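Only one structure is covered here, and it is reproduced in the block below.
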Amino acid sequence: MTFSDLGLSPKVLSAVTDAGYTQPTPIQAGAIPHALLGKDILGIAQTGTGKTASFVLPMLTRLEKGRARARMPRTLILEPTRELAAQVEENFIRYGKNHKLNIALLIGGVSFDEQDKKLERGADVLIATPGRLLDHRERGKLLLNGVEILVIDEADRMLDMGFIPDIERICEMIPFTRQTLFFSATMPPEITKLTEKFLHAPVRVEVSKAASTATSIIQRLVKSGSKPWDKRETLRNLMKAEDAELKNAIIFCNRKVEVSELFRSLLKYDFDAGALHGDMDQRARMQMLANFRDGKLRYLVASDVAARGLDIPDVSHVFNYDVPIHAEDYVHRIGRTGRAGRSGKSFTIATKSDTKYIDAIERLIGNKIEWHDGDLSTVVASEGEDEAPRRGRGAPRRAGRKDEDRKDKGERKPRERHAKPSEAAPPEAAHDEQPVAAEATVADIGERRARKEAIRSENTERKADRNESRTPERGDSRPQRDTNRPARHRQEDNDATVGFGDDMPAFMRIVAKV
DNA sequence: AAAAAAT
């Protein structure tokens, strides 16, 4: 079976060939012919099975007839996360290079202006996360009654994220004469109900992930003390021990704060790391992901935003800094490695309080996970003797290392609870404690800082932008200058606070949060 | 004990 057997148009086929593909994956072979005939599809497939192309390619072929009208997109693809949406857009660009298609990506965290323009121009392909899509609609910028093809991707994940009511609302806005392509990795009852309501005589295409995948991942549990500094030390030792084999790695944490803390800590220890979680500025998220994909970053510290769906080929290692609370997340996380038949390694750092979660994971995967270096009964209680302190300046104090870590834990966290996220944990504070590092790393950190600065200023610009373009549309008759002034004031407050001058305390400055 | 998503 080759792609040319599936009934795709010559334009699509040539783009597929140029991308270097000749053989469709099972989900592609199963779904594409039916999708081309206009049938509804129920695709049960995980990521890494070629699912995205299984709807992108037939959609491109079908879009060759007809043209989009202003504010009336012809197709709509719903994705649970911003990164996934962006990834689907890349697919449309890659395989649609022989088409003249208007593609619009509607996701949160970025300005409305550009999205509005694309809608106005008429979008053939609209890719969106539910929140921003509904936002556009409520502002009257978007009519959904011209949608011919609707794709709901990663439905089970949308369920986990509480998007189902939004999805139902959106489905009801689209004429029932549409074609619906529906994808989910699992079929819990709520999802089945949804398919019964919104799919018409769907063709069911089910693909199990290649059995080799599970067995090609070497899984280990690693015992650790439970204090954050214990876990960080365990992780660092593990990373060093794996260094020779390790090409790149994703390090998963359960919480966003932990992602930030661990990221900063790894930078201090000269690891070439980036961070990714949902509270980060959207630009920074995209940038981190791109850098990791391009091999400019070797380690990516991430929340579960990166656990599913993201197409990051060739990850050699997955580290679970925390044992995931939900067993399925473990499967998704370690599934980031050992893809496409390659081998991968996963290490899960476990503390005494994690045993019940480990039990649940082992029950789910139907296997015991081996301990890397002895199980938890061999963990020594860890109050005093840590490694040598690594302070950049000042006399090394007794238990300096621990002190520094306490700071992470005891000082920053409470502040974050009370302060706005953007004010929490200014990078300056972390950088103050930088040990004297190798040149490359210092330069790297400088670059990062510069980028944060850029992100920050872009944000303020974008805010001002939005005020300018949106206010008149709301029918607000006040002169534009008035609406801009408060924004400008705020900006001045941030940059050069009256009364503090150059001595403004770091915590009062607004910085891009990582 | 979490994360994600509209502001």
Side-chain angles (χ1 to χ4, degrees), chain A residues 47 77-87 105-113 115-116 127-142 152-170 185 226-228 231 250-262 275-282 285 289 301-310 320-333 336 349-358 360-361 409 413 416-417 420-422 459 462-463 465-467 470-471 474 487:
Chain A
T47 38
I77 298 127
L78 293 171
E79 294 288 337
T81 68
R82 298 169 185 175
E83 276 76 15
L84 276 171
Q87 204 170 282
L105 178 65
L106 305 189
I107 58 173
V110 294
S111 122
F112 279 85
D113 291 350
Q115 299 180 356
D116 281 344
I127 305 151
T129 45
R132 184 54 76 98
L133 181 91
L134 289 170
D135 204 347
H136 273 281
R137 216 193 88 98
E138 274 152 27
R139 293 166 59 245
K141 288 289 174 182
L142 179 59
I152 298 165
D153 198 13
E154 306 257 336
D156 51 351
R157 194 164 177 208
M158 301 242 205
L159 174 74
D160 290 345
M161 292 166 67
F163 280 160
I164 296 304
D166 287 346
I167 300 299
E168 289 187 314
R169 271 179 70 202
I170 294 166
S226 54
K227 297 281 184 275
K231 293 178 77 170
I250 305 181
I251 303 160
F252 284 104
C253 303
N254 284 357
R255 283 185 289 255
K256 291 180 280 199
V257 217
E258 285 178 326
V259 172
S260 306
E261 285 175 3
L262 180 59
L276 185 69
H277 67 67
D279 277 356
M280 282 166 54
D281 177 282
Q282 188 57 28
R285 280 168 71 165
L289 193 56
V301 187
S303 68
D304 278 318
V305 68
R308 304 192 206 184
L310 290 188
N320 287 315
Y321 176 76
D322 296 307
V323 178
I325 295 162
H326 292 299
E328 321 88 78
D329 287 334
Y330 175 83
V331 180
H332 290 293
R333 287 181 182 186
R336 301 285 91 201
I349 296 177
T351 69
K352 284 193 168 133
S353 50
D354 291 323
T355 41
K356 63 175 172 179
Y357 299 114
I358 295 167
I361 290 167
K409 184 75 186 159
K413 249 188 168 166
E416 269 189 7
R417 217 172 290 137
K420 280 190 251 154
S422 49
N459 278 341
R462 247 183 282 136
K463 249 177 241 160
D465 246 28
R466 224 186 288 171
N467 280 339
R470 287 176 75 188
T471 309
R474 281 202 209 113

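In what follows, every chain begins at residue 1, and chains take the letters A, B, ... in the order their sequences are listed. Here the structure is a predicted model, which is why all the values come from computation and not from measurement.
What separates CD of A/Glu258 from C1' of B/dA2 is a distance of 10 Å, to the nearest Å. Here B/dA1 presents its C1' atom at 20 Å from OH of A/Tyr330, a figure rounded to the nearest Å. Taking atom CG on A/Asn254 and atom P on B/dA2, their separation rounds to 9 Å, with Å as the unit. The separation between A/Arg255 atom CZ and B/dA4 atom P is 13 Å, rounded to whole Å. Separating the CG atom of A/Asp156 from the P atom of B/dA4 is a distance of 17 Å, rounded to the nearest angstrom. Atom CD1 of A/Ile107 and atom C1' of B/dA6 are 12 Å apart (whole Å). Separating the CZ atom of A/Arg137 from the P atom of B/dA5 is a distance of 23 Å, rounded to the nearest angstrom. For A/His277 and B/dA3, the NE2 to P distance is 9 Å, given to the nearest whole Å.
For A/Arg157, no side-chain nitrogen or oxygen approaches OP1 or OP2 of B/dA5 to under 4.0 Å. An OP1 or OP2 oxygen of B/dA4 is reached within less than 4.0 angstrom by no side-chain nitrogen or oxygen of A/Thr129. The side chain of A/Arg132 contributes an N or O atom lying less than 4.0 Å from OP1 or OP2 of B/dT7. Between A/Ser303 and the phosphate of B/dA4, there is a side-chain N or O to OP1/OP2 separation shorter than 4.0 Å. For the pair A/Arg285 and B/dA5, the criterion of a side-chain N or O lying under 4.0 Å from OP1 or OP2 is met.
Among the atoms of the strands shown, none is found under 4.0 Å from any heavy atom of A/Asp166. When heavy atoms are screened at a 4.0 angstrom cut-off, A/Tyr357 is found touching base atoms of the nucleic acid.
Closest to the side chain of A/Arg82, out of B/dA5, B/dA2, B/dA1, is B/dA5. Closest approach to the A/Glu138 side chain among B/dA4, B/dA6, B/dA1 is made by B/dA6 (side chain taken as heavy atoms from C-beta onward). Taking only side-chain atoms of A/Ile325, from C-beta outward, the nucleotide of B/dA2, B/dA5, B/dA4 with the closest atom is B/dA2. Of the candidates B/dA6, B/dA2, B/dA1, B/dA2 carries the atom nearest the A/His326 side chain, counting heavy atoms from C-beta on.
To the nearest 0.5 angstrom, A/Gln87 atom CD is 8.5 Å from A/Glu79 atom CD.
Ionic pairing of A/Lys231 and A/Asp322 is present here: one or more N-O contacts between side-chain nitrogen and carboxylate oxygen are shorter than 4.0 angstrom.
The salt bridge (charged side-chain N to carboxylate O under 4.0 Å, His left out) check on A/Asp156 picks up nothing, with sequence neighbours excluded. A/His332 meets the ring pair (Phe, Tyr, Trp, His ring centres under 6.0 Å) test with no other residue; sequence neighbours excluded.
With a 6.0 Å cutoff to the six-membered ring centre and a 45° limit on the axis angle, A/Arg157 does not count as a cation-pi contact of A/Phe163.
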